[in-house]
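Numbers here simply count residues along the sequence, with the first being 1. Everything quoted here is computed from the prediction, not taken from an experiment.
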Amino acid sequence: MSADGTAPQAEVASIATPINLLLFSVFALLVYTQLRPKPPAVLPKAPAPVVFRTFTPKTLLPFNGENGQPVYLAVRGRVFDVSPGRNFYGPGGPYENFAGRDASRGLAHQSFDREMLTEDLSGPLDDLKDLDADQLENLQSWEERFSEKYLVVGKLVAEGDSEAPKS
């Protein structure tokens with residue numbers, strides 16, 4: 001007994017000490033970070049679907065990369081979407097003359113000059129019959145390169161062809 005005649009009281013330890021409050025706060029923060037709702041995953045935007053279609057020289061011309069258009073060019077009647085190579089084939093690129101055009105003759109001659117392009121877009125397609133063996137080999141290697149790298153999005157036919165799109 002104590003001097004005043006009462007029984008001694010055991011000291012009660014308080015759990016609300018600064019260190020315990022700090023540990024509890026850290027614990028609560030860790031639980032919150034693990035259990036909080038996660039933002040939904042954002043998937044990349046899918047590219048626009050490409051439909052295989054038939055082009056004439058006039059309907060191919062707008063696909064030259066200007067005004068946000070894709071960049072297409074034709075090689076031996078096959079139209080390739082070369083938009084991933086916009087720096088080369090689009091506006092300002094070294095091959096920009098071929099954008100929206102039949103590039104077969106220029107590629108065969110390894111010339112990027114404008115005179116390699118067919119001027120009469122309403123006329124027949126270039127039959128390339130006057131090309132020699134080396135030029136045909138050049139053209140073949142370009143065509144293989146395009147086939148490996150780019151998507152074929154259509155075929156090129158002459159104006160007035162039975163397969164030509166109706167305007």
Please tell me if the side chains of Pro57 and Asp120 come closer than 4.5 Å, counting only heavy atoms from C-beta onward.
no
Donor-acceptor check, side chain of Asp132 to backbone of Gln135, threshold 3.5 angstrom: yes or no?
yes
Going only through I, L, V, M, F, W and Y residues with side-chain contacts under 4.5 Å, is there a path from Leu23 to Leu21?
no
Can you name the closest pair of heavy atoms from Asp81 and Ser83 and give their distance?
OD1-OG, 2.6 Å
Mind checking whether Lys155 and Arg78 have side chains closer than 4.5 Å, heavy atoms only?
no
Could you go through the side chain to side chain contact (heavy atoms under 4.5 Å, CB included) check for Leu156 and Leu60 one step at a time?
CA-CA 8 Å; Leu156 184 67; Leu60 182 61; 4.0 Å; yes
Using the benzene-type ring in the case of Trp, are the ring centres of Phe80 and Tyr89 under 6.0 Å apart?
no
To the nearest 0.5 Å, what is the distance between NE2 (His109) and CD (Glu115)?
10.5 Å
Between OG of Ser104 and CG of Asp127, what distance do you get to the nearest 0.5 Å?
11.0 Å
Around atom CZ of Phe27, are there more than 12 heavy atoms of other residues, nucleotides or ligands at under 6.0 Å?
no
Would you tabulate the side-chain donor-acceptor contacts of residues 64-76 under 3.5 Å, counting partners in other chains and residues two or more places apart, or write 'none'?
residue: Asn64; atom: OD1; partner: Glu66; partner atom: N; Å: 3.1
residue: Arg76; atom: NE; partner: Glu143; partner atom: OE1; Å: 3.0
residue: Arg76; atom: NH2; partner: Gln140; partner atom: OE1; Å: 2.9
residue: Arg76; atom: NH2; partner: Glu143; partner atom: OE1; Å: 3.3

Phe112-Phe98 aromatic ring centre distance below 6.0 Å:
yes
Heavy-atom side-chain proximity of Leu139 to Leu128 below 4.5 angstrom:
yes
Can Phe55 and Arg53 be said to form a side chain to side chain contact (heavy atoms under 4.5 Å, CB included), step by step?
CA-CA 7 Å; Phe55 294 90; Arg53 56 188 270 213; 3.6 Å; yes
So if you build clusters from Ile, Leu, Val, Met, Phe, Trp, Tyr with side-chain heavy-atom gaps below 4.5 Å, do Val79 and Leu125 land together?
yes
Can you tell me how far the CZ atom of Phe52 sits from the CG atom of Leu151, to the nearest 0.5 Å?
10.0 Å
From Leu107 atom CG to Asp102 atom CG, the distance as rounded to the nearest 0.5 Å:
9.0 Å
Rounded to the nearest 0.5 angstrom, the OG-CG distance for Ser25 and Asn20 is 10.5 Å
Joint hydrophobic cluster, Leu117 plus Val82, side-chain heavy atoms closer than 4.5 Å:
yes
Flag the pair Arg101 / Arg114 as yes when at least one side-chain heavy-atom distance between them is below 4.5 Å, and no otherwise.
yes
Contact summary for Pro124 and Ala158, nearest pair of heavy atoms:
CA-CB, 4.2 Å
Is it possible for you to say whether Leu61 and Tyr95 belong to one hydrophobic cluster, with membership spreading through side-chain heavy-atom contacts below 4.5 Å?
no
Below 4.5 Å, heavy atoms only, C-beta onward: do Asp130 and Arg105 meet side chain to side chain?
yes
Any chance NZ of Lys129 has more than 12 other-residue heavy atoms, nucleotides or ligands included, within less than 6.0 Å?
no
Does Gln34, at its CD atom, have more than 12 non-hydrogen atoms belonging to other residues, nucleotides or ligands within less than 6.0 Å?
no
I want to check something: taking the side chain as every heavy atom from C-beta on, are Thr56 and Asp161 in contact at a cut-off of under 4.5 Å?
no
Rounding to 0.5 Å, atoms CE (Met116) and OG (Ser111) come to a distance of 4.5 Å
